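Accompanying notes for the structure given below.
The model shown is predicted, which means the values in this text are computed figures rather than measured ones.
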Amino acid sequence: MVKPSSSSSSTSQDALALFNSLRSAYSATPTALKIIDLYVGFAVSTAIIQVVYMALVGSFPFNSFLSGVLSCIGTAVLAVCLRIQVNKENKEFKDLAPERAFADFVLCNLVLHLVIMNFLG
Amino acid sequence: MATRTLGALVVLLLAITICEAASVFHPISDSHRSAASELFTQGSFDSLEKAYEALRSFEVLGIDKPDIRGATCKSVVEKLGSSESAPKDLFYALKVNSILKCGVKKEVLEGIASRLKAVVNGASSLLDIYYSIGSLVLIKDQTSEVDVLLADADGVFRSIKSLSQSDGRWRYSSDNPQSSTYAAGLAIEALAGVVSLASSEIDQSMIGKLKRDVSKLFDSVEKYDDGAFYFDEKVDQSPLSTTASVVRGLTALAAVTSEKLKVPGEKILGLAKFFLGIGIPGNNKDFFNQIDSLASLESNKVSVPLILSLPTTVLSLTKKDQLKVKVGTVLGSSAPPLTVKLLRAFSSGSKDASIIASQELKFDKESGYHVLDVLPKSVDVGSYIFVFEVVLHDSEDETVYTTGGLAQVDVFVTGVINIENAEISVLESDKSVETQKKLDLAGENAVSLSANHLQKLRLSFQLTTPLGHAFKPHQVFLKLTHETKVEHIFVVGNSGKKFEKILDFLGLVDKFYYLSGSYDLQLTVGDAVMENSFLRAIGHIDLDLPEAPEKATRPPSPAVNPLLKYGPKAEISHIFRVPEKLPPNHLSLAFLGLLLLPLIGFLVGLLRLGVNLKNFPTSAVPATFGILFHVGIAAVLLLYVLFWLKLDLFTTLKWLGLLGVFLLFVGHRILSHLASTSSKLKSA
Amino acid sequence: MEGSETSNGTTLRNAFGNVLSFFILILIGVLAFSIRLFSVIKYESVIHEFDPYFNYRVTQFLTKNGIYDFWNWFDDRTWYPLGRVIGGTVYPGLTLTAGTLWWLLNSLNIPLSVETICVFTAPIFSAFTSWAAYLLTREVKGAGAGLTAAALIAMVPSYISRSVAGSYDNEAVAIFALVFTFYLYIKTLNTGSLFYATLNALAYFYMVCSWGGYTFIINLIPMHVLMCIVTGRYSSRLYIAYAPLVVLGTLLAALVPVVGFNAVMTSEHFASFLVFIIIHVVAFVHYIKGVLAPKMFKVAVTLVLSIGVIVCCAVIAVLVALVASSPTKGWSGRSLSLLDPTYASKYIPIIASVSEHQPPTWPSYFMDINVLAFLVPAGIIACFSPLSDASSFVILYIVTSVYFSGVMVRLMLVLAPAACITSGIALSEAFEVFTRSIKFQLPGLQGISPVKAEETSSDSTVPLNEVPKTDKSGETLKERPSRKNRKKEKEPVEKPSIKARIEKKLLVLPLEGSVLAIFYLCCWVPSMCMVHCVWAAAEAYSAPSIVLTSHSHDGLHVFDDFREAYAWLSHNTEVDDKVASWWDYGYQTTAMANRTVIVDNNTWNNTHIATVGTAMSSPEKAAWEIFNSLDVKYVLVVFGGLVGYPSDDINKFLWMVRIGGGVFPHIKEPDYLRDGQYRIDNQATPTMLNCLMYKLSYYRFVDTDGKGFDRVRRTEIGKKHFKLTHFEEVFTTHHWMVRIYKLKPPKNRIRGKTKKSKSKSTSTISGKRSGTKKNPWN
C-alpha cells in the first residue's frame with residue numbers, strides 16, 4: 001500500500017479519490033489478510049533497510065547480506081502466496097482449505113530458513 | 001675472473017710438468033699408518049674377512065691392534081667349531097687366528113683338517129680348493145701336531161692345473177670358460193699350498209710347467225709409462241685386486257719352490273711402483289690389498305724391490321738446497337749398503353747432452369740420505385731430469401734385491417728471475433715517444449697514462465735467470481680492464497731476453513668496443529720455477545676512442561657473479577588477501593536498532609488490528625495439539641539457530657527429521673480440527 | 001459415450017486404467033533400464049570415455065573419505081603444479097547420488113563395488129526419467145500421452161547415447177532432474193499449491209547440483225512466465241509457481257560451491273530476477289484491479305503502471321550496467337556460444353575443440369530422434385488445441401531446445417525429452433481421433449479395442465502396448481477433466497472436454513482409413529522407431545571408447561591398449577612422476593594410472609593447456625625444455641596409424657597448434673599446413689615433420705611395415721627414419737595405440753670420479769689402448 005499513498009501526495013484530485021476508494025476497499029478486507037499484509041510490509045521494510053545498509057558500508061560478507069535480504073523477500077513472497085490462497089475472493093482456490101494453505105506455508109518457511117541458516121555460514 | 005683462470009692455468013701446467021716423464025714413488029710412510037687407523041674403524045670388524053684385512057694391515061704397518069681380540073676370537077672359535085661353516089669362512093677364521101692366536105683346540109683343527117681334505121679331493125671349483133688348501137696351510141703353520149699332509153698331492157695339483165689356460169690365466173671352474181688373471185693368482189697360491197702340503201715330493205716337471213705358466217702370465221702384464229706394472233682384469237676385478245692376487249700367488253710359490261723363479265726384477269719393481277703409486281686408497285679392500293701385497297713383496301724370495309725416493313724434487317737456488325736421495329724397501333725399511341750415483345742431468349725440454357758430470361752422492365749415516373751437498377754451478381733455473389744409478393756394494397745382495405738399474409727423477413730447480421729495464425710508454429703513430437714511464441716491477445707502481453686511438457702503448461721489460469740466460473715464463477700477460485669491467489688480455493711476446501708488447505689502438509678500437517675512459521693495466525708474469533712470479537697492477541691508461549658507429553658490436557654484459565647465479569634465490573613473499581574493511585561498530589548497531597523498528601511496527605499493527613485468538617481451540621485435546629504445534633515450530637527454529645552456531649548439516653537434518661515427523665503429526669491434527677470446525681461453522 | 005456409461009462403470013474403468021498404466025510404467029522402466037545394458041553385454045562392466053573416469057575417481061574418494069573431506073578436497077594429482085580444488089569446481093550431484101546409492105546398499109548389506117554402482121547409475125536414472133516424462137506429459141495432456149512419451153523417452157537414441165550403462169556422466173542424472181523440475185513446475189502451475197512449489201525448488205536444487213545446464217531451466221521458466229503474462233494468461237497460480245521458485249532456487253543454487261555467488265552475479269540468471277520484478281508488478285496490478293471499481297482502476301492503472309515502468313526501467317538500467325561492466329558481458333564462454341553459434345570457434349579454441357560442442361549435422365538429427373523429428377510438429381499443433389499454460393510451456397520448451405540443439409551437439413540431449421513429449425502428445429491425440437472415429441463408425445465394435453488391449457498388453461514390447469494405453473488415454477483424457485471439475489473449477493482444463501465433444505462431431509474419418517492409420521501409427525511407425533533405437537543402442541552408442549573392437553574377415557579384434565598403457569604406468573613409474581599428455585587423456589591417467597598429469601579434461605586453465613600444446617608442436621629440444629620445466633617425467637601420445645584408430649593425437653594436433661598459438665604467438669598454424677591442408681606425407685611442411693607430436697607418433701613406425709603407411713591418414717608418412725635425442729621410448733602398447741616416452745635426464749657437465757672408479761675406467765680403457773699408458777694414480 002506504499003506506492004499509491006506516496007504517489008497520492010504528489011498528484012492531483014482523482015489520485016486523492018483513488019486513495020480514498022483504495023482505503024475503503026482495503027478496509028473491507030478481513031483481519032487475517034490485514035495481518036498478513038502487515039507481515040509482508042514488515043518483511044519488505046526489513047529487506048529495504050538491509051539493502052540501504054549494504055549500500056552504505058558495502059557488501060563484504062556477501063553471503064550474509066544475501067541470506068538476510070533473501071530471507072526477508074522470501075518470507076514476503078511466501079506470505080503473499082499464503083494471502084492469495086486464503087483470500088476468499090480468489091475463486092481459483094475455493095476448494096483449497098486455508099489450513100492446508102497454512103501448512104504449506106509453514107513447510108515452505110521451514111525449508112527456506114534451513115537454507116538461509118546454511119547459507120549464513 | 002681472469003686471474004682465477006690464470007691461477008687454474010698455472011696449476012694445470014704444474015700438474016702436467018709433474019705427471020709427464022718419470023715420477024717419484026715414496027715408500028709406505030706414517031701417512032699410511034694414520035690413514036689405516038682412521039680407515040679401519042670398529043665397524044670394519046663385523047665379518048671375519050674384514051677383520052682379517054684390518055688386522056693384517058695393522059700387523060704390516062706395525063700399529064698395535066685395537067682391543068677387539070675378545071669378540072673376534074669368540075666368533076673365530078664358533079666358526080671353527082661349527083661343522084657346516086664353508087671353507088671360505090674357515091679360511092678367514094684361521095687367518096685371523098694366525099694373527100690373534102686365540103687358542104683353538106687341536107681336536108677342532110683336526111676335524112676341520114679332515115673335512116677340508118675331503119673337500120679338496122672332491123672339489124671342482126677353484127675357489128673351494130683355494131680356500132681349503134689355504135686353510136690347511138694355515139693349520140700347518142699354527143700347530144705342528146695336526147696332520148694336514150695331503151696323501152694325493154699330485155692328484156690335487158693336476159686337478160688345479162687342469163684349469164689353467166694357454167696364456168697363463170686360469171678358469172674358476174671346469175664348467176665356465178671364462179678365464180681370468182685373478183683366478184690365476186689364486187691358483188698359483190693354491191698350488192704353492194699344495195706343494196707345501198705334499199706328503200711326498202711333487203714331481204718337478206709339473207712345477208716346471210707351473211713356472212712356465214707364471215712367466216707366461218708375466219708376459220701379459222701391462223705397463224704404465226712411469227715404469228709401473230700391473231695386471232688387468234676385464235671383468236669384475238679392479239687392477240689392484242688382480243695384481244694383488246697375482247703377487248700373493250707369486251710370493252707363495254717362490255716361498256715353496258727350491259730354486260728361484262725367473263721373473264725379471266724390473267717387473268717386480270714395476271709391481272711395487274704400481275702399489276706405491278696408488279697413494280692411499282679410499283676403501284678397506286684396496287688398502288688391504290696394497291699393504292698386503294707390498295708386505296709380501298717386501299719379503300719375497302724372487303727379488304726384493306728397492307725404491308729410490310727423493311724427499312723433495314724442488315730445489316731452490318736461492319736457498320742453496322741440497323739434493324737428497326733415499327733408497328729403501330717398499331715398506332720404508334733401510335736398504336743394504338749401497339751407493340747412489342747421479343749419472344746425468346738434462347733439462348726436461350731437451351734430451352740432449354747432460355749438463356753435469358757423473359758424480360757420487362755421499363751417504364749420510366744418521367739421516368739415511370744420500371746427499372749431494374752443492375748443486376753444480378752449471379745448473380740453472382728450470383726443470384731437469386736427474387738420472388740416478390743404485391749400485392749395491394756386495395754382490396750376493398744382487399740376487400736378493402732389485403734396483404731396476406737406472407732411475408729417472410725430474411727435479412725442479414727454482415730461483416729468482418731478475419727483471420730489468422721495464423718501461424711503459426705511449427707512442428705517436430710515427431713511433432715517436434710521447435710519454436714514457438719507468439716501471440719497478442718488483443714493487444708497486446701507479447703510472448697514469450693517456451692516449452687516443454691514433455697512438456700506441458708499448459710495454460717492455462727483460463727477464464734473465466741467475467746465470468744470465470734468457471728466461472721464458474709460461475705466462476706473460478698484459479690485462480686491460482675498463483671501468484665497466486670489460487677485460488682484454490694480451491700475451492706479451494719475447495725476442496730473446498726482451499719482452500715487448502705494442503698495443504696499436506687504431507687497430508683495436510673495434511676490439512675495445514669503442515669504450516673510452518680509464519683502463520687499469522695489470523701485468524702477469526708466472527712460472528713454476530720462478531720464485532718471484534707476480535701478478536701486479538701497474539697503473540691505468542685513459543683512452544679516448546672515437547664514437548661507436550651504429551653497427552659496432554655492443555660490449556658484452558659484465559659476467560654475473562656466480563654466487564648470484566647459483567646461490568640461494570630471494571625468498572618469495574606471499575601475497576594474502578587484504579581483509580575487507582568492516583564498517584564502524586556504532587553504524588552497524590544503529591542499523592540493528594533500525595531493523596527493530598519494523599518489528600515494533602508489526603507488533604503495534606497487530607495490537608491495533610486486534611490479533612484474534614478466537615479460533616484457537618478451546619477444548620483440551622486440540623488445544624494441547626495446538627500448543628505442541630507452536631512448540632514444535634519453535635523447536636525447529638531453535639534447531640536452526642543451533643545449526644547456525646555449532647551443529648553440522650547432518651546432525652541438523654537428523655534432528656529435523658524427528659521434529660518434522662512430530663510437527664507433521666500435531667500439525668495435521670490441529671489443522672484438520674480447525675478445518676472441521678470451520679466447515680461446521682460454514683454449514684451451520 | 002460418457003453419457004452412455006454409468007458412473008460406477010467409469011470409476012471401474014478408471015481403476016482398471018490406473019492399474020494398467022502402473023504396470024505399463026513398470027515395463028517402460030524395465031525397458032529403459034535394459035535397453036542400456038548392451039554395452040555391458042557386448043563389452044564388460046566398465047566405465048566409459050573420459051569424464052566418467054573423473055567422476056568415478058571422485059566417487060571413490062567420496063565413498064572412502066566421507067563428504068566433508070570431499071567438499072574441501074584439493075587434488076594435487078592434476079594440473080601440476082597448480083592442482084585443483086575438486087570440491088569447489090565439480091557439480092556434485094552425480095557423485096553424491098552414486099555415493100548415496102552405494103551407502104544405502106552397503107548399509108543394507110548388499111556389497112556392491114563403487115564401480116558397479118557408477119556403471120549402473122545412468123540406466124537407473126533413465127528409468128526415472130521416463131517416469132518423470134510420464135508425469136510431465138500427464139500434467140500437460142493426460143495419461144495416454146504420458147505413457148506414450150514415457151515409452152518414447154525410454155528408447156530415444158540421443159538420450160541412450162548419454163546414458164548407456166557405464167557412461168557415468170552428469171547428464172545421466174541431469175536429464176532426470178530437468179524433466180522432473182519441469183514436471184513440478186507444471187504441477188505447481190496447475191494446482192497452485194506452495195507444497196509443490198517447495199518441491200520444485202528442491203528439484204531445481206538437485207538440477208543445479210547435477211549439471212551446468214541448469215541455466216536452461218532458470219532461463220526457460222522465466223521465458224514461459226513472461227509469455228504467459230504477455231499473452232494475458234496471468235493467474236495467481238503462476239505467481240505461486242514462480243516467485244518462491246526464484247527466491248528459494250537462487251538461495252539453493254548459491255549453496256552449490258561451483259555456482260556460489262554466480263547465482264546472483266552472472267547474467268545467465270538476471271532474466272529470472274527481471275521477470276521476478278515484472279511478475280510482482282503484474283500481481284500488484286491484478287490485486288488493485290480486484291479491489292477497485294473499474295473506473296477507479298483506470299486512474300490507478302495510469303499511476304501504478306507509470307511507477308512500475310519507471311521501476312522496471314531503473315532495474316533494467318542497473319542490469320545493463322552490471323552486464324556491461326562484467327568481462328565477456330557476464331556470460332561464460334559456453335553460454336555465449338549458445339547465443340552466438342560462431343562465438344566459440346572465433347574466440348575460445350578449447351571449447352571449439354571439443355567435438356560435442358560443434359553444431360550438429362542433419363543426419364545426426366535423424367540418427368538421434370528419428371521418427372520423432374516428424375512427429376514433433378504434429379505434437380506442437382496438438383498442444384495448440386487447446387492451449388493451456390502447461391501446453392504453452394511444452395511448446396516453448398520444444399522450440400528453445402530445438403534452437404539449442406542446433407547450436408551444440410551435446411544439447412541434442414535437452415531436445416530429446418521435449419521431442420518425446422510432443423510426439424507422445426501427437427501420437428495419443430491422433431490415436432484418440434482414430435479410435436473415436438472407429439467407434440462411431442461401428443458402435444457394435446466397442447468391446448473390441450479393450451479386448452485387444454488385454455491380450456496385447458500381456459506381451460511386453462512397447463509399441464504394441466501403445467494400443468491399450470492410448471485407448472485408455474481416450475477415456476482418461478475425458479475423465480480427468482470431469483474429475484478435475486469435481487475437484488476444482490478450472491477454466492483452461494474445462495475447455496478440452498468441451499473441445500473433445502465438438503471434435504467428436506467434426507472428426508469422423510472413414511473406417512478403413514482410420515483402421516489403416518491406427519495400424520500404421522501403433523505398429524508400423526513405433527516398430528520402425530523401435531528397431532532403429534535398438535540398433536542404435538546396440539551398435540552405435542554402446543562402445544566404451546576405452547576398449548575398442550573391430551570386425552574383420554578373420555573375426556573380432558579387441559583393442560585394449562589404453563588400459564594396457566595405464567597399467568604399465570601404474571606399475572612401472574614412481575608414484576609422484578608427472579605424465580604429460582593432451583588433455584583428453586588426463587582424467588583417465590589420473591583415474592587408472594594414478595599418476596600426476598599436467599592438464600586434464602576439466603579445461604579451466606587455457607594457458608596451461610596452451611603450454612602443453614606448444615610443447616607438442618615445438619621441435620624436440622624446445623619441447624624437452626618446456627616439459628622439463630614442468631617437471632614432467634613421461635610423455636604419453638595416442639597413435640592410431642597402425643590399426644586405423646581415427647581419433648588419435650595426430651588428428652587432434654591442429655587443435656593443439658591453435659590452442660598453443662592462441663597464447664604463445666610463435667606457434668603459427670600456417671607453418672603446419674601445406675597450402676592450407678593438413679598432411680603428414682612427404683608434402684608436409686618441415687615444421688610439421690619436426691614437431692614433437694609427429695616424432696613421438698611416428699618414431700620407429702617404419703619398422704612395422706617397410707614403408708610406414710598410416711592407416712588413418714591413408715598415406716605414407718613423410719619422414720620415416722629419425723632418432724630421438726631428448727626422449728626415449730619406454731613403452732608402446734600391443735597395437736601401438738598408446739606410446740609412452742621418457743624424458744632423458746640432462747647431460748652431466750662435471751665428470752667427478754673417485755679413485756676406485758678411476759681404476760675401473762682405466763682398466764676398461766687400457767683394454768683397448770695399446771702401448772704405454774699414463775699412470776692414472778698420480
Original post:
Side chain, backbone, both or neither: which part of A:V106 has an atom under 4.5 Å from a heavy atom of chain B?
Top reply: side chain

Original post:
Just wondering, do B:V636 and A:H113 contact through their side chains at under 4.5 Å, heavy atoms?
Top reply: no

Original post:
Which pair of non-hydrogen atoms, one from B:Y640 and one from A:V111, has the smallest distance, and what is that distance?
Top reply: OH-N, 4.4 Å

Original post:
Relative to chain A, which segment of B:L664 carries a heavy atom at a distance below 4.5 Å: side chain, backbone, both, or neither?
Top reply: neither

Original post:
What class does the angle between the rings of A:Y39 and B:F602 fall in, given that below 30° is parallel, 30 to 60° is tilted and above 60° is perpendicular?
Top reply: tilted

Original post:
Is it the backbone or the side chain of B:L656 that comes under 4.5 Å from a heavy atom of chain A, or both, or neither?
Top reply: side chain

**OP:** Step by step, work out the side-chain contact (heavy atoms from CB on, under 4.5 Å) result for A:L110 and B:L663.
**Re:** CA-CA 11 Å; A:L110 291 187; B:L663 207 55; 3.7 Å; yes

**OP:** Would you give the length of the straight line joining atom CG of A:L114 to atom CH2 of B:W644, rounded to the nearest 0.5 angstrom?
**Re:** 14.5 Å

Subject >> Nearest atoms (heavy-atom pairs only) where A:E99 meets B:L671 >> reply: CG-O, 3.5 Å

**OP:** Please test A:M117 against B:T652 for side-chain contact (heavy atoms from CB on, under 4.5 Å), starting from the C-alpha separation and ending with a verdict.
**Re:** CA-CA 11 Å; A:M117 283 299 171; B:T652 313; over 6 Å; no

**OP:** Would you mind checking which part of B:L653 comes under 4.5 Å of any heavy atom in chain A, side chain (CB onward), backbone (N, CA, C, O), both or neither?
**Re:** side chain

Original post:
With only heavy atoms counted, which part of A:L107 is less than 4.5 Å from chain B, the side chain, the backbone, both or neither?
Top reply: neither

Side-chain atoms of residues 584-593 of chain B: list all donor-acceptor pairs with protein atoms under 3.5 Å, sequence neighbours left out, distances to 0.1 Å.
unit_1 : atom_1 : unit_2 : atom_2 : d
B:S588 : OG     : A:Y53  : OH     : 3.1
B:S588 : OG     : B:P584 : O      : 3.3

Subject >> Which atom of B:L594 lies closest to which atom of A:I49, heavy atoms considered >> reply: O-CD1, 3.6 Å

